2 protein chains.
Amino acid sequence: MFYLYRVKTTQNIKIAVDAVVFGYDTSNGLSLLLIRRKFDPYQGSWALPGGFVLDAESLEEAVTRELKEETGVHINYLEQLYTFGSPKRDPRQRIVSVSYFAIVRESAHQEPEATTDASDAAWFNVTELPNLAFDHQTIVNTAIERLRSKVRYNPVGFELLDTKFPFSDLEKLYSSLLDRPVDRRNFKKKIMSLGILDELNEKAPHKGAGRPGRLYRFNRKRYDELVRDGFHFEL
Amino acid sequence: MFYLYRVKTTQNIKIAVDAVVFGYDTSNGLSLLLIRRKFDPYQGSWALPGGFVLDAESLEEAVTRELKEETGVHINYLEQLYTFGSPKRDPRQRIVSVSYFAIVRESAHQEPEATTDASDAAWFNVTELPNLAFDHQTIVNTAIERLRSKVRYNPVGFELLDTKFPFSDLEKLYSSLLDRPVDRRNFKKKIMSLGILDELNEKAPHKGAGRPGRLYRFNRKRYDELVRDGFHFEL
DNA sequence: GCAAAAGTGTTGGGCCTACACCCATGC
DNA sequence: GCATGGGTGTAGGCCCAACACTTTTGC
(Lines give C-alpha, C1' and ligand atoms only; values in the text may rest on other atoms or scores of the structure.)
Protein backbone atom coordinates (compact mmCIF):
# COMPACT_ATOMS: atom_id res chain seq x y z
CA MET A 1 0.00 0.00 0.00
CA PHE A 2 1.13 3.51 -0.68
CA TYR A 3 -0.22 6.53 1.14
CA LEU A 4 -0.17 10.08 -0.10
CA TYR A 5 -1.45 11.93 2.94
CA ARG A 6 0.65 12.95 5.88
CA VAL A 7 -0.08 13.38 9.53
CA LYS A 8 -1.32 16.90 10.00
CA THR A 9 -0.35 17.48 13.61
CA THR A 10 2.52 19.79 14.34
CA GLN A 11 4.00 18.47 17.47
CA ASN A 12 7.24 19.37 19.14
CA ILE A 13 7.87 16.38 21.36
CA LYS A 14 10.77 13.94 21.25
CA ILE A 15 10.78 10.31 22.27
CA ALA A 16 13.48 8.75 24.38
CA VAL A 17 13.98 5.47 26.17
CA ASP A 18 15.56 5.00 29.58
CA ALA A 19 16.57 1.80 31.29
CA VAL A 20 16.58 0.86 34.94
CA VAL A 21 19.19 -1.89 34.99
CA PHE A 22 19.31 -4.12 38.04
CA GLY A 23 22.17 -6.29 39.15
CA TYR A 24 22.47 -8.38 42.27
CA ASP A 25 25.03 -10.22 44.22
CA THR A 26 24.73 -11.95 47.51
CA SER A 27 27.24 -9.82 49.36
CA ASN A 28 26.21 -6.37 48.09
CA GLY A 29 22.53 -6.84 47.44
CA LEU A 30 20.56 -5.11 44.73
CA SER A 31 22.38 -2.58 42.61
CA LEU A 32 21.64 -0.30 39.73
CA LEU A 33 23.60 0.75 36.66
CA LEU A 34 23.96 4.51 36.20
CA ILE A 35 25.89 6.74 33.84
CA ARG A 36 27.38 10.13 34.44
CA ARG A 37 26.08 12.77 32.05
CA LYS A 38 28.61 14.36 29.74
CA PHE A 39 26.52 17.29 28.66
CA ASP A 40 24.09 19.80 30.05
CA PRO A 41 21.46 19.73 31.38
CA TYR A 42 22.57 17.94 34.52
CA GLN A 43 26.12 17.66 33.22
CA GLY A 44 28.11 15.56 35.66
CA SER A 45 25.02 14.16 37.36
CA TRP A 46 24.23 10.47 37.48
CA ALA A 47 21.34 9.34 35.33
CA LEU A 48 19.72 6.30 33.83
CA PRO A 49 21.27 5.03 30.64
CA GLY A 50 19.06 5.90 27.68
CA GLY A 51 18.63 8.22 24.76
CA PHE A 52 16.57 9.20 21.77
CA VAL A 53 14.79 6.68 19.62
CA LEU A 54 15.91 6.55 16.02
CA ASP A 55 13.23 6.76 13.35
CA ALA A 56 13.66 3.22 12.09
CA GLU A 57 14.26 1.22 15.24
CA SER A 58 11.73 -0.26 17.65
CA LEU A 59 11.64 0.92 21.24
CA GLU A 60 13.33 -2.29 22.43
CA GLU A 61 16.05 -1.88 19.84
CA ALA A 62 16.59 1.67 21.02
CA VAL A 63 17.10 0.62 24.66
CA THR A 64 19.37 -2.25 23.70
CA ARG A 65 21.46 -0.01 21.49
CA GLU A 66 21.76 2.74 24.08
CA LEU A 67 22.74 0.28 26.78
CA LYS A 68 25.43 -1.15 24.58
CA GLU A 69 26.73 2.27 23.58
CA GLU A 70 26.71 3.73 27.05
CA THR A 71 27.62 0.84 29.31
CA GLY A 72 28.62 -2.21 27.30
CA VAL A 73 26.86 -4.60 29.69
CA HIS A 74 25.02 -7.67 28.51
CA ILE A 75 21.31 -7.52 29.26
CA ASN A 76 19.57 -10.62 30.40
CA TYR A 77 15.99 -9.57 30.78
CA LEU A 78 14.08 -6.60 29.43
CA GLU A 79 10.50 -5.46 29.78
CA GLN A 80 8.72 -2.19 29.31
CA LEU A 81 8.12 -0.38 32.59
CA TYR A 82 6.13 2.83 32.19
CA THR A 83 6.02 5.92 30.01
CA PHE A 84 6.81 9.22 31.67
CA GLY A 85 5.57 12.19 29.73
CA SER A 86 4.80 15.20 31.85
CA PRO A 87 5.51 18.38 29.88
CA LYS A 88 8.21 19.70 32.21
CA ARG A 89 10.34 16.67 32.88
CA ASP A 90 13.16 17.90 30.64
CA PRO A 91 14.17 21.56 30.78
CA ARG A 92 15.20 21.74 27.12
CA GLN A 93 11.99 20.72 25.45
CA ARG A 94 9.30 18.18 25.92
CA ILE A 95 10.58 14.62 25.95
CA VAL A 96 8.45 11.57 26.53
CA SER A 97 10.47 8.74 27.99
CA VAL A 98 9.46 5.12 27.56
CA SER A 99 11.23 3.47 30.46
CA TYR A 100 12.41 -0.11 30.58
CA PHE A 101 13.20 -2.52 33.34
CA ALA A 102 16.30 -4.62 32.76
CA ILE A 103 18.34 -7.23 34.58
CA VAL A 104 22.00 -8.14 34.25
CA ARG A 105 22.94 -11.53 35.59
CA GLU A 106 25.37 -11.75 38.49
CA SER A 107 28.07 -13.46 36.47
CA ALA A 108 27.90 -10.72 33.86
CA HIS A 109 27.74 -8.21 36.64
CA GLN A 110 31.17 -6.91 35.99
CA GLU A 111 32.64 -3.47 35.59
CA PRO A 112 30.74 -1.56 32.92
CA GLU A 113 32.91 -0.04 30.21
CA ALA A 114 33.28 3.69 30.12
CA THR A 115 32.43 4.41 26.51
CA THR A 116 32.45 7.50 24.38
CA ASP A 117 28.78 8.16 24.94
CA ALA A 118 28.84 8.56 28.69
CA SER A 119 31.77 9.87 30.64
CA ASP A 120 31.37 7.16 33.21
CA ALA A 121 29.18 4.22 34.10
CA ALA A 122 28.96 2.46 37.47
CA TRP A 123 26.93 0.24 39.74
CA PHE A 124 25.30 1.73 42.82
CA ASN A 125 23.64 -0.05 45.65
CA VAL A 126 19.92 0.82 45.48
CA THR A 127 20.01 2.02 49.06
CA GLU A 128 22.85 4.46 48.34
CA LEU A 129 21.91 6.14 45.11
CA PRO A 130 23.29 9.57 44.26
CA ASN A 131 20.98 12.39 43.22
CA LEU A 132 19.68 11.57 39.79
CA ALA A 133 19.05 13.81 36.81
CA PHE A 134 15.56 14.70 35.53
CA ASP A 135 12.76 12.61 37.07
CA HIS A 136 14.95 9.53 37.06
CA GLN A 137 14.50 8.88 40.76
CA THR A 138 10.77 8.49 40.12
CA ILE A 139 11.50 6.03 37.34
CA VAL A 140 13.81 4.08 39.62
CA ASN A 141 11.17 3.95 42.35
CA THR A 142 8.64 2.62 39.88
CA ALA A 143 11.10 -0.04 38.77
CA ILE A 144 11.93 -1.16 42.29
CA GLU A 145 8.25 -1.45 43.07
CA ARG A 146 7.76 -3.49 39.91
CA LEU A 147 10.62 -5.79 40.83
CA ARG A 148 9.40 -6.32 44.37
CA SER A 149 5.89 -7.18 43.32
CA LYS A 150 6.91 -9.20 40.30
CA VAL A 151 9.23 -11.65 42.07
CA ARG A 152 6.26 -12.90 44.03
CA TYR A 153 4.49 -14.47 41.05
CA ASN A 154 7.07 -14.58 38.29
CA PRO A 155 10.53 -16.15 38.14
CA VAL A 156 12.33 -12.87 37.27
CA GLY A 157 14.23 -13.41 40.48
CA PHE A 158 16.26 -16.14 38.81
CA GLU A 159 17.47 -13.64 36.22
CA LEU A 160 19.28 -11.84 39.02
CA LEU A 161 21.19 -14.91 40.12
CA ASP A 162 23.93 -16.80 38.39
CA THR A 163 22.63 -19.70 36.27
CA LYS A 164 23.87 -22.13 38.93
CA PHE A 165 23.41 -21.04 42.51
CA PRO A 166 23.31 -22.49 46.00
CA PHE A 167 19.84 -22.51 47.51
CA SER A 168 20.81 -20.03 50.17
CA ASP A 169 21.45 -17.39 47.50
CA LEU A 170 17.87 -17.66 46.36
CA GLU A 171 16.72 -17.42 49.93
CA LYS A 172 18.82 -14.32 50.57
CA LEU A 173 17.58 -12.74 47.35
CA TYR A 174 13.94 -13.18 48.30
CA SER A 175 14.53 -12.16 51.83
CA SER A 176 16.17 -8.95 50.66
CA LEU A 177 13.59 -8.16 47.95
CA LEU A 178 10.61 -8.94 50.13
CA ASP A 179 12.32 -7.16 53.00
CA ARG A 180 11.48 -9.79 55.57
CA PRO A 181 13.14 -12.92 56.90
CA VAL A 182 12.30 -16.09 55.02
CA ASP A 183 12.01 -19.42 56.81
CA ARG A 184 14.65 -21.65 55.26
CA ARG A 185 12.77 -24.94 55.51
CA ASN A 186 9.39 -23.62 54.43
CA PHE A 187 10.87 -21.65 51.56
CA LYS A 188 12.80 -24.61 50.24
CA LYS A 189 9.78 -26.89 50.55
CA LYS A 190 7.64 -24.42 48.61
CA ILE A 191 10.12 -23.67 45.83
CA MET A 192 11.05 -27.31 45.35
CA SER A 193 7.38 -28.31 45.21
CA LEU A 194 6.95 -26.02 42.20
CA GLY A 195 9.28 -28.33 40.30
CA ILE A 196 11.07 -25.56 38.44
CA LEU A 197 14.51 -26.04 39.94
CA ASP A 198 16.97 -28.74 38.93
CA GLU A 199 19.16 -30.01 41.70
CA LEU A 200 22.70 -30.44 40.38
CA ASN A 201 25.37 -32.84 41.58
CA GLU A 202 27.78 -30.04 42.24
CA LYS A 203 28.72 -28.08 45.26
CA ALA A 204 29.26 -24.37 45.49
CA PRO A 205 32.84 -23.14 45.66
CA HIS A 206 33.83 -21.99 49.12
CA LYS A 207 33.57 -18.40 50.12
CA GLY A 208 34.92 -18.03 53.64
CA ALA A 209 33.64 -20.42 56.24
CA GLY A 210 30.84 -22.91 56.44
CA ARG A 211 29.61 -25.96 54.65
CA PRO A 212 29.30 -25.51 50.89
CA GLY A 213 25.82 -25.88 49.48
CA ARG A 214 24.53 -27.94 46.59
CA LEU A 215 23.95 -26.03 43.35
CA TYR A 216 20.58 -25.56 41.65
CA ARG A 217 19.53 -24.37 38.23
CA PHE A 218 16.27 -22.76 37.12
CA ASN A 219 14.53 -24.94 34.54
CA ARG A 220 12.85 -22.50 32.19
CA LYS A 221 11.55 -25.17 29.85
CA ARG A 222 9.73 -26.86 32.69
CA TYR A 223 8.43 -23.53 33.95
CA ASP A 224 7.02 -22.61 30.53
CA GLU A 225 5.29 -25.97 30.29
CA LEU A 226 3.68 -25.49 33.67
CA VAL A 227 2.53 -22.00 32.73
CA ARG A 228 0.96 -23.35 29.55
CA ASP A 229 -1.06 -25.71 31.74
CA GLY A 230 -2.39 -22.86 33.82
CA PHE A 231 0.18 -23.01 36.60
CA HIS A 232 0.69 -19.92 38.73
CA PHE A 233 2.83 -19.44 41.81
CA GLU A 234 2.59 -16.96 44.60
CA LEU A 235 5.13 -16.37 47.34
CA MET B 1 16.49 28.45 35.18
CA PHE B 2 16.97 29.31 31.55
CA TYR B 3 18.55 26.99 29.04
CA LEU B 4 20.19 28.01 25.81
CA TYR B 5 20.89 24.66 24.24
CA ARG B 6 18.36 22.62 22.31
CA VAL B 7 17.96 18.94 21.80
CA LYS B 8 20.10 17.94 18.86
CA THR B 9 18.25 14.87 17.66
CA THR B 10 16.25 15.13 14.49
CA GLN B 11 13.47 12.70 14.95
CA ASN B 12 10.39 12.21 12.88
CA ILE B 13 8.08 10.43 15.29
CA LYS B 14 4.73 11.60 16.62
CA ILE B 15 3.16 10.74 19.96
CA ALA B 16 -0.43 9.72 20.32
CA VAL B 17 -2.57 8.31 23.10
CA ASP B 18 -5.26 5.65 22.71
CA ALA B 19 -7.79 4.47 25.25
CA VAL B 20 -9.33 1.08 25.80
CA VAL B 21 -12.56 2.00 27.54
CA PHE B 22 -14.45 -0.75 29.32
CA GLY B 23 -18.07 -0.74 30.34
CA TYR B 24 -20.08 -3.49 31.93
CA ASP B 25 -23.62 -4.36 32.66
CA THR B 26 -25.02 -7.50 34.09
CA SER B 27 -27.12 -8.42 31.10
CA ASN B 28 -24.64 -7.71 28.30
CA GLY B 29 -21.34 -8.36 30.01
CA LEU B 30 -18.12 -6.56 29.24
CA SER B 31 -18.17 -4.00 26.46
CA LEU B 32 -15.78 -1.65 24.80
CA LEU B 33 -16.13 1.87 23.46
CA LEU B 34 -15.04 2.33 19.84
CA ILE B 35 -15.19 5.14 17.34
CA ARG B 36 -15.58 4.99 13.60
CA ARG B 37 -12.76 6.70 11.74
CA LYS B 38 -13.69 9.68 9.62
CA PHE B 39 -10.47 9.91 7.65
CA ASP B 40 -7.95 7.73 5.94
CA PRO B 41 -6.11 5.56 6.76
CA TYR B 42 -8.72 3.03 7.80
CA GLN B 43 -11.52 5.48 7.01
CA GLY B 44 -14.79 3.93 8.13
CA SER B 45 -13.08 1.31 10.31
CA TRP B 46 -13.69 1.05 14.01
CA ALA B 47 -10.81 2.10 16.22
CA LEU B 48 -9.91 3.03 19.76
CA PRO B 49 -10.63 6.61 20.74
CA GLY B 50 -7.41 8.61 20.89
CA GLY B 51 -5.29 11.15 19.12
CA PHE B 52 -2.15 13.21 19.15
CA VAL B 53 -0.72 14.69 22.30
CA LEU B 54 -0.57 18.48 22.37
CA ASP B 55 2.75 20.08 23.29
CA ALA B 56 1.57 21.51 26.59
CA GLU B 57 -0.67 18.79 28.01
CA SER B 58 0.27 15.70 30.00
CA LEU B 59 -0.43 12.26 28.59
CA GLU B 60 -3.39 11.81 30.94
CA GLU B 61 -4.80 15.16 29.91
CA ALA B 62 -4.48 14.13 26.28
CA VAL B 63 -6.48 10.92 26.77
CA THR B 64 -9.11 12.67 28.83
CA ARG B 65 -9.48 15.41 26.23
CA GLU B 66 -9.67 13.00 23.32
CA LEU B 67 -12.26 10.87 25.06
CA LYS B 68 -14.39 13.89 25.74
CA GLU B 69 -14.04 15.19 22.19
CA GLU B 70 -14.69 11.89 20.51
CA THR B 71 -17.21 10.16 22.72
CA GLY B 72 -18.47 12.49 25.45
CA VAL B 73 -18.50 9.69 28.07
CA HIS B 74 -17.51 10.28 31.66
CA ILE B 75 -14.43 8.28 32.66
CA ASN B 76 -14.33 6.72 36.03
CA TYR B 77 -10.94 5.09 36.20
CA LEU B 78 -7.81 5.62 34.14
CA GLU B 79 -4.40 4.02 34.19
CA GLN B 80 -1.57 3.74 31.74
CA LEU B 81 -1.52 0.41 29.94
CA TYR B 82 1.46 0.03 27.60
CA THR B 83 3.33 1.96 24.94
CA PHE B 84 3.20 0.57 21.43
CA GLY B 85 5.93 1.88 19.22
CA SER B 86 6.92 -0.46 16.44
CA PRO B 87 8.04 1.55 13.40
CA LYS B 88 5.34 0.25 11.06
CA ARG B 89 2.20 0.43 13.16
CA ASP B 90 0.87 3.46 11.28
CA PRO B 91 1.14 3.57 7.48
CA ARG B 92 1.52 7.37 7.32
CA GLN B 93 4.54 7.86 9.49
CA ARG B 94 5.92 6.58 12.70
CA ILE B 95 3.59 7.08 15.63
CA VAL B 96 4.24 5.88 19.14
CA SER B 97 1.02 5.29 21.02
CA VAL B 98 0.83 5.45 24.79
CA SER B 99 -2.24 3.38 25.50
CA TYR B 100 -4.54 3.78 28.47
CA PHE B 101 -6.95 1.52 30.22
CA ALA B 102 -10.21 3.20 31.25
CA ILE B 103 -13.49 2.27 32.88
CA VAL B 104 -16.90 3.85 32.58
CA ARG B 105 -19.32 3.04 35.37
CA GLU B 106 -22.50 1.18 34.52
CA SER B 107 -24.75 4.08 35.48
CA ALA B 108 -22.80 6.38 33.18
CA HIS B 109 -22.75 3.67 30.60
CA GLN B 110 -25.15 5.40 28.29
CA GLU B 111 -25.16 6.13 24.62
CA PRO B 112 -21.96 7.90 23.66
CA GLU B 113 -22.48 11.14 21.76
CA ALA B 114 -21.52 11.23 18.13
CA THR B 115 -19.34 14.30 18.07
CA THR B 116 -17.63 16.24 15.35
CA ASP B 117 -14.35 14.46 15.86
CA ALA B 118 -15.48 10.94 15.10
CA SER B 119 -18.26 10.07 12.71
CA ASP B 120 -19.69 7.60 15.20
CA ALA B 121 -19.04 6.10 18.61
CA ALA B 122 -20.56 2.91 20.02
CA TRP B 123 -20.26 0.16 22.59
CA PHE B 124 -19.35 -3.34 21.44
CA ASN B 125 -19.44 -6.52 23.41
CA VAL B 126 -15.82 -7.66 23.81
CA THR B 127 -16.68 -11.02 22.33
CA GLU B 128 -18.11 -9.45 19.17
CA LEU B 129 -15.63 -6.78 18.18
CA PRO B 130 -15.41 -5.62 14.57
CA ASN B 131 -12.06 -5.51 12.77
CA LEU B 132 -10.06 -2.72 14.28
CA ALA B 133 -7.76 -0.19 12.62
CA PHE B 134 -3.96 -0.22 13.05
CA ASP B 135 -2.72 -2.55 15.79
CA HIS B 136 -5.69 -1.71 17.98
CA GLN B 137 -6.72 -5.32 18.39
CA THR B 138 -3.35 -6.00 20.05
CA ILE B 139 -3.90 -3.07 22.37
CA VAL B 140 -7.36 -4.36 23.24
CA ASN B 141 -5.97 -7.82 23.97
CA THR B 142 -3.37 -6.34 26.28
CA ALA B 143 -6.07 -4.38 28.08
CA ILE B 144 -8.35 -7.37 28.54
CA GLU B 145 -5.46 -9.36 29.94
CA ARG B 146 -4.67 -6.52 32.32
CA LEU B 147 -8.27 -6.31 33.46
CA ARG B 148 -8.56 -10.04 34.04
CA SER B 149 -5.41 -10.24 36.08
CA LYS B 150 -5.98 -6.99 37.92
CA VAL B 151 -9.43 -7.79 39.30
CA ARG B 152 -7.89 -10.62 41.26
CA TYR B 153 -5.87 -8.41 43.58
CA ASN B 154 -7.24 -4.91 43.11
CA PRO B 155 -10.76 -3.53 43.48
CA VAL B 156 -10.96 -2.19 39.90
CA GLY B 157 -13.91 -4.52 39.50
CA PHE B 158 -16.03 -2.16 41.58
CA GLU B 159 -15.40 0.60 39.07
CA LEU B 160 -17.32 -1.44 36.53
CA LEU B 161 -20.42 -1.72 38.71
CA ASP B 162 -22.87 0.92 39.76
CA THR B 163 -21.98 2.54 43.11
CA LYS B 164 -24.77 0.53 44.77
CA PHE B 165 -25.20 -3.00 43.56
CA PRO B 166 -26.75 -6.28 44.65
CA PHE B 167 -24.21 -8.90 45.63
CA SER B 168 -25.14 -11.13 42.74
CA ASP B 169 -23.94 -8.46 40.29
CA LEU B 170 -20.49 -8.64 41.79
CA GLU B 171 -20.60 -12.39 41.62
CA LYS B 172 -21.62 -12.34 37.96
CA LEU B 173 -18.92 -9.80 37.17
CA TYR B 174 -16.18 -11.94 38.67
CA SER B 175 -17.54 -15.09 37.20
CA SER B 176 -17.52 -13.51 33.74
CA LEU B 177 -14.09 -11.89 34.09
CA LEU B 178 -12.45 -14.93 35.59
CA ASP B 179 -14.29 -17.09 33.11
CA ARG B 180 -15.30 -19.72 35.62
CA PRO B 181 -18.24 -20.32 37.91
CA VAL B 182 -17.95 -18.76 41.35
CA ASP B 183 -19.43 -20.44 44.40
CA ARG B 184 -21.96 -18.00 45.79
CA ARG B 185 -21.52 -18.78 49.46
CA ASN B 186 -17.72 -18.98 49.40
CA PHE B 187 -17.41 -15.85 47.32
CA LYS B 188 -19.63 -13.84 49.61
CA LYS B 189 -17.84 -15.10 52.71
CA LYS B 190 -14.48 -14.11 51.25
CA ILE B 191 -15.48 -10.67 50.00
CA MET B 192 -17.33 -9.80 53.19
CA SER B 193 -14.39 -10.92 55.31
CA LEU B 194 -12.25 -8.30 53.57
CA GLY B 195 -14.41 -5.64 55.17
CA ILE B 196 -14.44 -3.36 52.15
CA LEU B 197 -18.15 -3.54 51.35
CA ASP B 198 -20.86 -1.68 53.20
CA GLU B 199 -24.15 -3.49 53.44
CA LEU B 200 -26.96 -1.01 52.85
CA ASN B 201 -30.51 -1.12 54.17
CA GLU B 202 -31.90 -0.98 50.70
CA LYS B 203 -33.11 -3.56 48.29
CA ALA B 204 -32.43 -3.67 44.60
CA PRO B 205 -35.24 -2.57 42.29
CA HIS B 206 -36.92 -5.49 40.59
CA LYS B 207 -35.84 -6.62 37.20
CA GLY B 208 -38.09 -9.44 36.12
CA ALA B 209 -38.70 -12.24 38.57
CA GLY B 210 -37.09 -13.35 41.79
CA ARG B 211 -36.39 -12.04 45.22
CA PRO B 212 -34.69 -8.66 45.19
CA GLY B 213 -31.24 -8.57 46.72
CA ARG B 214 -29.83 -6.26 49.34
CA LEU B 215 -27.61 -3.48 48.03
CA TYR B 216 -23.90 -3.07 48.81
CA ARG B 217 -21.43 -0.26 48.33
CA PHE B 218 -17.66 -0.38 47.96
CA ASN B 219 -15.98 1.49 50.81
CA ARG B 220 -12.89 3.02 49.25
CA LYS B 221 -11.84 4.84 52.40
CA ARG B 222 -11.78 1.60 54.33
CA TYR B 223 -9.95 -0.12 51.49
CA ASP B 224 -7.25 2.58 51.37
CA GLU B 225 -6.76 2.31 55.13
CA LEU B 226 -6.32 -1.43 54.89
CA VAL B 227 -3.84 -1.06 52.05
CA ARG B 228 -1.83 1.42 54.10
CA ASP B 229 -1.59 -1.25 56.80
CA GLY B 230 -0.16 -3.77 54.35
CA PHE B 231 -3.41 -5.47 53.42
CA HIS B 232 -3.54 -7.37 50.14
CA PHE B 233 -6.30 -9.53 48.73
CA GLU B 234 -6.21 -12.30 46.22
CA LEU B 235 -9.16 -14.02 44.61
C1' DG C 1 37.46 -28.41 68.15
C1' DC C 2 35.18 -24.41 66.97
C1' DA C 3 32.91 -21.25 63.93
C1' DA C 4 30.03 -20.83 60.04
C1' DA C 5 26.61 -22.15 56.95
C1' DA C 6 23.74 -26.20 54.94
C1' DG C 7 20.43 -29.63 55.43
C1' DT C 8 16.32 -31.66 57.20
C1' DG C 9 10.29 -33.12 59.47
C1' DT C 10 6.49 -32.63 62.13
C1' DT C 11 2.48 -30.56 64.04
C1' DG C 12 -1.46 -27.37 64.73
C1' DG C 13 -4.36 -24.10 62.95
C1' DG C 14 -6.54 -21.51 59.56
C1' DC C 15 -8.34 -21.13 55.18
C1' DC C 16 -10.41 -22.84 51.18
C1' DT C 17 -13.64 -25.97 48.86
C1' DA C 18 -17.58 -28.58 48.30
C1' DC C 19 -22.17 -28.84 48.87
C1' DA C 20 -28.36 -28.09 49.25
C1' DC C 21 -32.29 -26.19 51.13
C1' DC C 22 -35.43 -22.42 52.38
C1' DC C 23 -37.04 -17.54 51.51
C1' DA C 24 -38.95 -13.42 49.20
C1' DT C 25 -41.01 -11.55 45.44
C1' DG C 26 -43.88 -10.98 40.81
C1' DC C 27 -47.01 -12.76 37.93
C1' DG D 1 -48.76 -21.59 43.40
C1' DC D 2 -45.03 -21.49 40.59
C1' DA D 3 -40.97 -19.62 38.69
C1' DT D 4 -36.98 -17.00 39.60
C1' DG D 5 -33.23 -15.50 41.97
C1' DG D 6 -31.47 -14.39 47.04
C1' DG D 7 -29.75 -15.84 51.31
C1' DT D 8 -27.44 -18.94 54.44
C1' DG D 9 -23.70 -22.99 57.47
C1' DT D 10 -20.79 -26.88 58.10
C1' DA D 11 -17.27 -30.39 57.62
C1' DG D 12 -12.92 -32.24 55.57
C1' DG D 13 -8.66 -31.52 53.57
C1' DC D 14 -4.88 -29.03 52.28
C1' DC D 15 -1.54 -25.72 52.81
C1' DC D 16 1.09 -22.67 55.56
C1' DA D 17 3.65 -21.16 59.56
C1' DA D 18 6.27 -22.18 63.43
C1' DC D 19 10.05 -24.31 65.16
C1' DA D 20 15.80 -26.74 66.52
C1' DC D 21 19.19 -29.89 65.98
C1' DT D 22 22.70 -32.31 63.17
C1' DT D 23 26.17 -32.26 59.34
C1' DT D 24 29.90 -30.57 56.61
C1' DT D 25 33.51 -27.79 55.82
C1' DG D 26 37.80 -24.37 56.78
C1' DC D 27 40.84 -22.84 59.88
Side-chain angles (χ1 to χ4, degrees), chain A residues 25-29 151-153 161-162 164-176 178-217 226 230-235, chain B residues 25-29 151-153 161-162 164-176 178-217 226 230-235:
Chain A
D25 72 85
T26 311
S27 32
N28 303 313
V151 286
R152 306 203 320 176
Y153 61 88
L161 297 176
D162 214 337
K164 297 173 182 183
F165 53 87
F167 208 90
S168 59
D169 277 14
L170 187 64
E171 186 197 320
K172 278 174 204 142
L173 171 65
Y174 272 85
S175 156
S176 106
L178 303 179
D179 197 32
R180 59 173 145 95
V182 166
D183 181 277
R184 196 164 8 135
R185 280 178 286 192
N186 293 337
F187 183 72
K188 183 157 188 181
K189 225 180 306 168
K190 182 142 190 181
I191 297 284
M192 293 316 288
S193 76
L194 302 176
I196 58 178
L197 280 194
D198 293 339
E199 186 168 334
L200 307 177
N201 285 324
E202 287 181 69
K203 297 210 168 161
H206 282 275
K207 320 189 243 187
R211 173 177 173 180
R214 208 193 246 114
L215 291 178
Y216 292 81
R217 190 201 295 126
L226 287 168
F231 162 86
H232 166 88
F233 74 85
E234 197 76 41
L235 293 180
Chain B
D25 72 85
T26 312
S27 32
N28 302 313
V151 287
R152 305 203 321 176
Y153 62 88
L161 297 176
D162 215 336
K164 297 172 181 183
F165 54 87
F167 208 90
S168 59
D169 277 15
L170 187 64
E171 186 198 321
K172 279 173 205 144
L173 171 65
Y174 271 85
S175 154
S176 107
L178 303 178
D179 198 32
R180 59 170 144 95
V182 166
D183 181 277
R184 199 171 357 141
R185 282 178 285 195
N186 293 337
F187 183 70
K188 183 159 187 181
K189 225 179 307 168
K190 181 143 191 180
I191 298 283
M192 293 315 289
S193 76
L194 302 176
I196 57 178
L197 279 195
D198 294 338
E199 186 168 333
L200 307 177
N201 285 324
E202 284 180 72
K203 296 210 168 162
H206 282 275
K207 321 187 241 186
R211 171 178 174 177
R214 206 192 248 115
L215 291 178
Y216 292 80
R217 192 203 291 125
L226 286 168
F231 162 84
H232 165 88
F233 73 86
E234 197 77 41
L235 292 180

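Remember, predicted model here, so these are calculated numbers, not experimental data. Lettering of chains follows the sequences in order, A, B, ..., and the numbering in each one begins at 1.
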- Query: Should A:Ser168 be listed as having a side-chain N or O under 4.0 Å from OP1 or OP2 of C:dA5?
  - Reply: no

- Between P of C:dA6 and CZ of A:Phe187, the distance in whole Å: 13 Å

- Message: Output the rounded distance in Å from NZ (A:Lys172) to C1' (C:dA6).
- Response: 10 Å

- Query: Residues in side chain to side chain donor-acceptor pair (under 3.5 Å) with B:Lys172, at least two apart?
  - Reply: none

- Excluding sequence neighbours, so at least two apart, what forms side chain to side chain contact (heavy atoms under 4.5 Å, CB included) with A:Phe233? A:Pro155, A:Leu194, A:Tyr223, A:Phe231, A:Leu235

- Message: What is the first contacted nucleotide of DNA chain D and what is the last, in 5' to 3' order, if contact means an atom lying under 4.0 angstrom from a heavy atom of chain A?
- Response: D:dC16 to D:dG26

- Could you pull out all residues at least two apart from B:Lys203 that satisfy side chain to side chain donor-acceptor pair (under 3.5 Å)? none

- Query: Of all residues at least two apart in sequence or in a different chain, which pass the salt bridge (Lys or Arg N to Asp or Glu O under 4.0 Å) check with B:Arg214?
  - Reply: B:Glu199

- Query: Taking only residues two or more places apart in sequence or in another chain, which ones pass side chain to side chain contact (heavy atoms under 4.5 Å, CB included) with B:Val182?
  - Reply: B:Glu171, B:Ser175, B:Phe187

- Residue set satisfying side chain to side chain donor-acceptor pair (under 3.5 Å) with A:Asn186, at least two apart, ordered chain then number -> A:Asp183, A:Lys189

- Nucleotide C:dC15, atom P - distance to CD1 of B:Ile191 in whole Å: 16 Å

- Could you tell me whether the phosphate oxygens of C:dC15, OP1 or OP2, come under 4.0 Å of any side-chain nitrogen or oxygen in B:Lys190? no

- Query: Just how far, in rounded Å, is C1' of C:dA6 from CD of A:Glu202?
  - Reply: 17 Å

- The contact string for nucleotides 19-27 of chain C, one letter per nucleotide 5' to 3', using protein heavy atoms under 4.0 Å with B, S and - for base, sugar-phosphate only and none, comes out as BB--BBSS-

- Query: Who pairs with B:Lys190 by side chain to side chain donor-acceptor pair (under 3.5 Å), at least two apart in sequence or on another chain?
  - Reply: none

- Task: Using a 4.5 Å cut-off on heavy atoms from C-beta on, say whether the side chain of A:Lys188 contacts that of A:Tyr216.
- Result: yes

